[in-house]
Amino acid sequence: MDDGSPTAASRAEVPAFPAGRVRGPVLLPSDERYLAEVSGFQSGYRHHPEVVVCATDAADVSAAVEYAAAHRLPLAVQATGHGLSVPLPGGVLVSTRRMTDVRVNAGARTAWIGAGVRWGEVVEEAGRFGLAPLSGSGPGVGAVSYTLHGGVGLLAREFGYAADHVSAAEVVTSDGRVRHVTADSDPELFRSLRGGGGSFGVVTGLEIGLVPVERFYGGQLIFDGESAGDVLEAWRWWTATVPERLTSSVTVMTYPDIPVLPGGLRGRHVAQVQIAYDGDEADGERLVAPLRAAGPRIAETLRTMPWTESWSVYNEPDRPHPYEGTNALLGKELPDRATLRSVLEATGPDARGMVVLALRHMGGALSRQPAVPNAVGGRDAGYLLVVLTVPAGSSSGEELRRVQERVLEAVAPWTVGSNLNFRYGRSAGAVPGGTAAAFSPDDHARLTGLKASADPSNLFRFHHVPLARDQPQGRHGP
Ligand SMILES: Cc1cc2nc3c(=O)[nH]c(=O)nc-3n(C[C@H](O)[C@H](O)[C@H](O)COP(=O)(O)OP(=O)(O)OC[C@H]3O[C@@H](n4cnc5c(N)ncnc54)[C@H](O)[C@@H]3O)c2cc1C
């Protein structure tokens with residue numbers, strides 16, 4: 001992997017991290033634990049810090065922030081590496097993976113989650129009380145970053161964004177202070193953290209709402225890729241008829257030809273409809289029935305299951321790999337048939353490298369502000385289109401990025417914004433309209449105003465989706 005890592009010669013000398021300031025380990029590049037600590041799910045890039053502070057609590061994070069600020073060193077945060085898009089070329093990495101507190105308050109239907117907690121851990125713990133968090137497609141994703149950037153869950157149309165259900169946050173701001181932030185204590189920061197991303201500090205924990213969902217009806221209808229156009233047309237019509245308690249998406253992709261996959265899917269081009277319905281099986285069956293006529297089905301996995309098995313709805317790969325991704329929030333109407341056909345052609349099996357095209361049904365509760373409004377944008381979106389590319393064989397990153405651009409150009413007349421979470425790798429910085437596209441103009445002005453006053457030296461600039469105008473010059477590989 002040539003990801004632009006600084007050579008030993010180009011590494012600047014950084015002042016020693018003060019001994020005894022933190023409880024967790026402090027790792028330098030010479031430490032044998034360093035590589036494992038900086039590596040994450042995104043294997044196309046990684047951070048190259050001179051110092052990794054393996055934080056165990058808010059005091060450790062505060063010490064790391066004070067050290068970085070005092071020496072004017074760049075700083076980044078990593079929990080799992082799923083959302084890495086601006087690799088740190090030096091400076092300080094705060095690794096939060098040891099901050100794995102999950103404390104459920106069943107009576108209040110809330111949970112306190114630490115900065116390094118993955119959704120899988122929250123789902124297991126909440127499930128013991130018959131409750132569920134607003135988790136998404138994969139158990140390995142970090143719950144805090146997912147929520148700070150909005151968070152589109154499996155039952156998103158019923159319950160809204162994960163950020164809509166945050167009642168308190170603990171955050172270390174650029175002055176090193178640990179702040180407990182609520183709607184009353186600091187309304188502007190509270191509003192901005194919920195959906196505005198991690199540009200305002202290192203969030204050390206969140207209090208999130210849980211919902212009383214123990215079991216649900218869901219899974220996939222898997223169609224042959226030949227009928228992807230018909231499946232999309234059927235889904236277009238069908239999504240206009242379904243209740244908010246049903247959230248679905250369509251993913252069109254060609255599976256790699258690898259032995260871990262079931263024989264029927266290896267190397268196969270497919271169109272999969274993923275469904276999650278918060279209701280009983282008989283109603284779910286009735287709702288899904290019209291979709292089955294969309295084309296010949298290869299397989300079907302729909303069933304009633306506990307929320308702890310909700311990962312089977314998307315059944316995503318859990319091994320680190322390289323990927324790039326971009327997205328567009330679309331209006332209430334999907335693009336016309338001819339446009340969708342051209343998008344399918346650009347992303348189909350003839351594309352070099354692996355291309356995953358996904359459309360998620362939005363609307364419902366996602367379109368309503370929570371009781372205490374937050375910064376999440378794009379509430380007028382009816383659909384979310386995501387294009388993900390995975391380099392394979394001789395495919396070049398540039399070629400695959402052009403596929404992403406072609407898709408975004410094709411759907412531009414229907415585009416109303418962009419989602420912060422579904423941006424990956426270098427593509428994250430190339431979204432048309434940049435970070436501003438994720439917010440209303442008013443919210444973007446409020447967020448950049450707060451950013452300027454809360455983080456005047458732009459300490460938190462090596463960030464997934466930076467807010468400040470001067471974007472960092474991260475190092476990226478090919
Ligand atoms: C396989 C997969 C499935 C996904 N499914 C969904 C889904 O269903 N719904 C959805 O909405 N999104 C989904 N995402 C997107 C995901 O929510 C984002 O990529 C998110 O940023 C990942 O957070 P992380 O902690 O796992 O990753 P990391 O790479 O560790 O963090 C991502 C970025 O968040 C910032 N950050 C992390 N921790 C903190 C903190 N404590 N304080 C401040 N900033 C912080 C940093 O800038 C960091 O670079 C998915 C991503 C992948 C790869």
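Below, each value reflects all heavy atoms present in this structure, side chains not excepted, and no hydrogens, waters or symmetry copies. As the structure lists them, so they are numbered: ligands from 1, and atoms in each ligand from 1. Remember, predicted model here, so these are calculated numbers, not experimental data.
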Going by distance only, is there an N or O of [X] that falls short of 3.5 Å from an N or O of ligand 1?
X: Thr80; value: yes
X: Val144; value: no
X: Ala79; value: yes
X: Gly142; value: yes
X: Thr96; value: no
X: Leu84; value: yes
X: Gln78; value: no
X: Ala115; value: no
X: His47; value: no
X: His149; value: no

Work out whether the distance between some heavy atom of [X] and some atom of ligand 1 is less than 4.0 Å.
X: Tyr323; answer: yes
X: Phe422; answer: yes
X: Gly150; answer: no
X: His321; answer: no

Under 3.5 Å side-chain donor-acceptor pair for [X] and [Y]:
X: Thr239; Y: Tyr383; value: yes
X: Glu316; Y: Ser137; value: yes
X: Gln220; Y: Thr301; value: no
X: Gln404; Y: Thr326; value: no
X: Arg379; Y: Ser440; value: no
X: Trp311; Y: Ser135; value: no
X: Glu324; Y: Thr389; value: no
X: Thr173; Y: Arg179; value: yes

Among all protein heavy atoms in this structure, tell me which lies nearest to [atom], with the distance rounded to 0.1 Å.
atom: atom 28 (P) of ligand 1; result: Gly81 N, 3.4 Å
atom: atom 8 (O) of ligand 1; result: Ser137 N, 2.9 Å
atom: atom 47 (O) of ligand 1; result: His463 CD2, 3.0 Å
atom: atom 16 (C) of ligand 1; result: Val141 CG1, 3.8 Å
atom: atom 39 (C) of ligand 1; result: Val77 CG1, 3.7 Å
atom: atom 32 (C) of ligand 1; result: Ser145 OG, 3.5 Å
atom: atom 18 (C) of ligand 1; result: Asn421 OD1, 3.6 Å
atom: atom 53 (C) of ligand 1; result: His82 CD2, 3.3 Å

(message) Before you tell me yes or no, could you show the steps for Val231 and Val273 under side chain to side chain contact (heavy atoms under 4.5 Å, CB included), namely the whole-Å CA-CA distance, both residues' side-chain angles and the distance that decides it to 0.1 Å?
(response) CA-CA 8 Å; Val231 171; Val273 185; 3.9 Å; yes
[X] heavy atoms, cut-off 4.0 Å: which ligand 1 atoms fall inside?
X: Gly201; result: 42 (N), 43 (C)
X: Val202; result: 42 (N)
X: Val152; result: 7 (C), 8 (O), 9 (N), 10 (C), 11 (O)
X: Glu316; result: 1 (C), 2 (C), 3 (C)
X: Gly136; result: 8 (O)
X: Gly198; result: 43 (C), 44 (N)

(request) Look at the aromatic rings of His180 and Trp112 and report parallel, tilted or perpendicular, splitting at 30° and 60°. (result) parallel
(message) Parallel, tilted or perpendicular, judged at 30° and 60°: which one describes the rings of His321 and Phe41?
(response) perpendicular
(request) May I have the step-by-step check of side chain to side chain donor-acceptor pair (under 3.5 Å) for Glu121 and Thr100, ending in yes or no? (result) CA-CA 9 Å; Glu121 292 144 16; Thr100 52; 5.7 Å; no
(request) May I ask you to test the Asn374-Val372 pair for a side-chain heavy-atom distance under 4.5 Å? (result) no
Of the listed options [options], closest to [atom] (non-hydrogen atoms):
atom: atom 27 (O) of ligand 1; options: Gly40, Gly116, Gly197, Gly83; answer: Gly83
atom: atom 40 (C) of ligand 1; options: Leu420, Leu134, Val203, Val386; answer: Val203
atom: atom 14 (N) of ligand 1; options: Tyr424, Tyr146, Tyr161; answer: Tyr424

(request) Would you check, one step at a time, whether the test side chain to side chain contact (heavy atoms under 4.5 Å, CB included) holds for Arg303 with Phe216? (result) CA-CA 8 Å; Arg303 65 192 168 103; Phe216 73 110; over 6 Å; no
(message) Determine whether Asp57 and Arg23 satisfy the following criterion, salt bridge (charged side-chain N to carboxylate O under 4.0 Å, His left out), listing intermediate values before the conclusion.
(response) CA-CA 8 Å; Asp57 56 17; Arg23 294 193 326 164; 3.5 Å; yes
(request) Before giving the answer on side chain to side chain contact (heavy atoms under 4.5 Å, CB included), spell out for Tyr67 and Val51 the whole-Å C-alpha distance, their side-chain angles and the decisive distance to 0.1 Å. (result) CA-CA 10 Å; Tyr67 166 79; Val51 179; 3.8 Å; yes
Pick one of side chain, backbone, both or neither for how [X] approaches ligand 1, counting any non-hydrogen atom pair under 4.0 Å.
X: His464; value: both
X: Tyr314; value: neither
X: Leu148; value: side chain

(request) Could you tell me whether Arg21 sits above the aromatic face of Phe17, with NZ or CZ closer than 6.0 angstrom to the six-membered ring centre and within 45 degrees of the axis? (result)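 The answer is no; the distance or angle limit is not met.
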(request) List the atom of Leu73, the atom of Val14, and the distance in Å for their closest heavy-atom pair. (result) CD2-CG1, 3.9 Å
(message) Pair Asn327, Leu384 - check side chain to side chain contact (heavy atoms under 4.5 Å, CB included), show working.
(response) CA-CA 7 Å; Asn327 74 81; Leu384 170 66; 3.6 Å; yes
